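What you see is a predicted model, and the numbers here were worked out from it, not measured in a lab.
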Amino acid sequence: QVQLAESGGGLVQPGGSLRLSCAASGSIFRINDMGWYRQVPGKERELVARITSGSSTNYGDSGKGRFTISRDSAKNTVYLQMNSLKPEDTAVYYCNLRGIDSGPYYRYREVWGQGTLVTVSS
């Protein structure tokens with residue numbers, strides 16, 4: 001099985017920065033893409049940013065401009081650099097992986113991390 005370990009969340013003042021990390025481990029055959037989503041109570045989970053194994057990126061509306069996604073393929077790790085944080089960025093941020101797990105069947109999998117809380121408040 002594939003597991004995701006998230007870190008980097010916490011409390012930050014408006015205008016501050018955080019970098020989230022997500023490391024994938026386990027029976028990974030191929031990662032198609034990894035990304036970050038966020039969710040607040042009463043709202044649907046929304047895309048922040050995704051990055052493919054070829055380093056192509058796409059950003060949701062919430063992630064454009066102030067956030068940057070990157071990866072270290074050797075470590076199966078994806079990062080989200082968040083700058084100029086605003087109170088409305090407060091949410092639980094979830095790492096997501098889509099890919100193929102190891103044999104014998106090489107099944108497509110979508111895996112979610114447990115989430116890391118980002119709180120932006122003065």
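Two residues are said to be in side-chain contact when any heavy atoms from C-beta on lie closer than 4.5 Å; Thr68 and Thr57 fail this criterion. Residues Met34 and Cys95 form a side-chain contact, since some pair of their non-hydrogen atoms from C-beta on lies under 4.5 Å apart. Between Leu4 and Leu97, the closest side-chain pair of non-hydrogen atoms falls below 4.5 Å. Annotation: side chain of Tyr108 is in contact with side chain of Arg98 (closest heavy-atom distance under 4.5 Å). Counting heavy atoms from C-beta outward, Tyr37 and Leu47 have side chains that approach closer than 4.5 Å. Side chains of Gln81 and Ser17 form a contact here, defined as non-hydrogen atoms less than 4.5 Å apart. No side-chain heavy atom of Met82 sits less than 4.5 Å from a side-chain heavy atom of Asp89.
Side-chain N or O atoms of Arg30 include none that pairs as donor or acceptor with a backbone N or O of Ser53 at under 3.5 Å. The backbone N or O of Val2 sits nowhere less than 3.5 Å from a side-chain atom of Ser25 that would complete a donor-acceptor pair. Side-chain atoms of Glu46 do not come within 3.5 Å of backbone N or O of Gln39 as any donor-acceptor pair. A donor-acceptor pair is defined here as one N or O able to donate and one able to accept, closer than 3.5 Å; no such pair exists between the side chain of Thr90 and the backbone of Glu88. Counting only distance, with no hydrogens or angles, the side chain of Thr116 and the backbone of Gly9 share a donor-acceptor pair below 3.5 Å. Between the side chain of Asp33 and the main chain of Ile51, no donor-acceptor pair closer than 3.5 Å is present.
Pairing each heavy atom of Arg38 with each of Ser62, the nearest pair is NH2-CB, 3.2 Å. Scanning both residues, Tyr59 and Phe67, for their nearest heavy atoms gives CE2-O, 3.4 Å. In terms of heavy atoms, Tyr94 sits closest to Trp112 at CB-CE3, 3.8 Å. In terms of heavy-atom proximity, Leu85 sits nearest to Arg66 at CA-NH1, 3.9 Å. The two residues Ile69 and Gly35 come nearest to each other via the heavy atoms CD1-CA, 4.1 Å. Minimum heavy-atom separation, Ala49 to Leu80: CB-CD1, 4.3 Å.
Electrostatic pairing of Arg109 and Asp101 counts as a salt bridge here, judged by a charged N lying under 4.0 Å from a carboxylate O.
Side-chain contact, Asn96 with Glu110: a donor N or O sits under 3.5 Å from an acceptor N or O. For the 3.5 Å distance criterion, the side chains of Arg19 and Tyr79 fail to qualify, holding no donor opposite an acceptor.
Expressed to the nearest 0.5 Å, how far CD1 of Ile28 lies from CD of Gln1 amounts to 11.5 Å.
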